[in-house]
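One structure is given here, and the rest of the page talks about it.
Below, read A as the first sequence line, B as the second, and so on, with proteins coming before strands; counting in each chain starts at 1. Just so you know, these numbers come straight off a predicted model, no measurement behind them.
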There are 2 protein chains.
Amino acid sequence: MKKDLSTEQKIKDAARKVFMSKGFSGCTTREIAKSVGINVALLNYYFRSKGKLFELILEAALSDFIDAMVDVFSRDISIEDKTRMLIEKEFEFLRKHPELPLFIHAGLNQESDGELDQSNFLGRLHETGIFEQCEQAQQEGKMRKVNMINVTLLFMSNCHFPIMSKKLVCGIYQLKDKDYDERLTEHQKIVTEMLIHYLFPNTKQHA
Amino acid sequence: MKKDLSTEQKIKDAARKVFMSKGFSGCTTREIAKSVGINVALLNYYFRSKGKLFELILEAALSDFIDAMVDVFSRDISIEDKTRMLIEKEFEFLRKHPELPLFIHAGLNQESDGELDQSNFLGRLHETGIFEQCEQAQQEGKMRKVNMINVTLLFMSNCHFPIMSKKLVCGIYQLKDKDYDERLTEHQKIVTEMLIHYLFPNTKQHA
DNA sequence: TTCGATTTTAAACAATTGTTTAAAATAAGT
DNA sequence: ACTTATTTTAAACAATTGTTTAAAATCGAA
């Protein structure tokens, strides 16, 4: 099945999986090495330390999210359609990688220094012209005048949180995983309708 | 300043603070003991192990949230007013304890067994009659017909996530903490308006 | 005061941690 | 084939981990 990847890449893949499920301090370098089938020392040979490796994985995970946004924002469609598409893509992506949001948030809070955006996330978003498109839509009265930070928060809250909170909600409501996933499908529709209706009040809702 | 609490309580307080900021495996028993000013062995004397102590703290943290909900739900006011009040109380509470949501989610995902609801959270919510009140409001056409799980998700997503994501959003948008807190104030209004408008479409919005 | 229980401590425990060192195995270049 | 890099390993490292043990200190009641 698996291609014969380079050792370096195999380590990254294993580290990603282990870090995602257990967090930085919740796992050991030996655990990662074992899951690759190599010696512990190779970890420090390719990456200098456990911390460096973690930063790499975290940065890549963050990049995945930004990439998805950039992909949608770069298209030549209306801001409203971008909103719909982003929600759809995000739910689709997160269903495949449900551990990602919690990993990112927990990871960011574990790092002492807030050295983010060496990857220039903001710049990549700007290049899509999404901010100008919003500004224009707001001026034309097509979009509610809400600060972009708040728009981002609305979007992330309603897409990311429902994925993160599976254990919490299932615990409180005594739900089985399958039941929650059904709720999640329904929730995607709800979130889409609510956000579109709030951000673009003048639009007739789609089917 | 500090009252002379029992050693047991002092340990709990310190453990809560340390666990909150560093997570279970991100801190050591000695670190907790040191911050109380006692010997490490006392930790295992009062609580049997680091894990037991953590479960205790986590359970208490969860209880705090349920308590807030129960408090609001128990009042003799309309379901719409309860919604408004819950959002308000939640933002107020979370501004004082911003580490709580992430701690709970990360904590739940670290625990192997999903042994939640030994505190009977669901039962306590039921006792308030909130579910019947919603059911009735929905039958009367006052409230949109949305499953209670989804209502819970909507509420938690929009209240908890903005607090959790401070580092992420500040990192991406290069915001200072102060600026984010301003956005948060604005966001509370946005969330209130959006949720009320979505869940109670026939209502005229308040000032 | 004295005796017994409770609380607190110092010390040690075995196990595990991230990392380094030096040697071995493999690959590459000539 | 021989020599030099590169990759991989086994072993050891000092430090730290959660927990336990046994002795000391403190307290309460008789």
Would [X] and [Y] pass as an ion pair if we require N to O under 4.0 Å?
{"X": "A:Arg16", "Y": "A:Asp64", "answer": "yes"}
{"X": "B:Arg84", "Y": "B:Glu193", "answer": "no"}
{"X": "B:Lys142", "Y": "B:Glu80", "answer": "no"}

CG of A:Asn158 to OH of A:Tyr198: how many Å apart, nearest 0.5 Å?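 With rounding to 0.5 Å, CG (A:Asn158) is 12.0 Å from OH (A:Tyr198).
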
I'd like a table of donor-acceptor pairs (distance under 3.5 Å, sequence neighbours excluded) in which one partner is a side-chain atom from residues 129-136 of chain A, with atom names and distances.
{"from": "A:Gln133", "atom 1": "OE1", "to": "A:Lys82", "atom 2": "NZ", "distance (Å)": "2.6"}
{"from": "A:Gln133", "atom 1": "NE2", "to": "A:Ile77", "atom 2": "O", "distance (Å)": "3.0"}
{"from": "A:Glu135", "atom 1": "OE2", "to": "A:Gln139", "atom 2": "NE2", "distance (Å)": "3.0"}
{"from": "A:Gln136", "atom 1": "NE2", "to": "A:Glu140", "atom 2": "OE2", "distance (Å)": "3.0"}

Go through A:Lys166 and A:Asp181 one step at a time and tell me if the salt bridge (Lys or Arg N to Asp or Glu O under 4.0 Å) criterion holds. CA-CA 9 Å; A:Lys166 182 169 185 170; A:Asp181 293 338; 3.2 Å; yes

Need two values: the first and the last nucleotide of DNA chain D, 5' to 3', having an atom under 4.0 Å from any heavy-atom of chain A.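 From 5' to 3', the first and last contacting nucleotides are D:dT6 to D:dA12.
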
Please list residues of residues 37-46 of chain B whose heavy atoms come under 4.0 Å from any atom in DNA chain C, ordered by number; otherwise none.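 Heavy-atom cutoff 4.0 Å gives B:Ile38, B:Asn39, B:Ala41, B:Leu42, B:Tyr45, B:Tyr46.
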
Whether the A:Arg183 and A:Gln188 side chains hold a donor-acceptor pair (N or O, under 3.5 Å, no angle test) is what I'd like checked.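 No, no side-chain donor-acceptor contact under 3.5 Å.
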
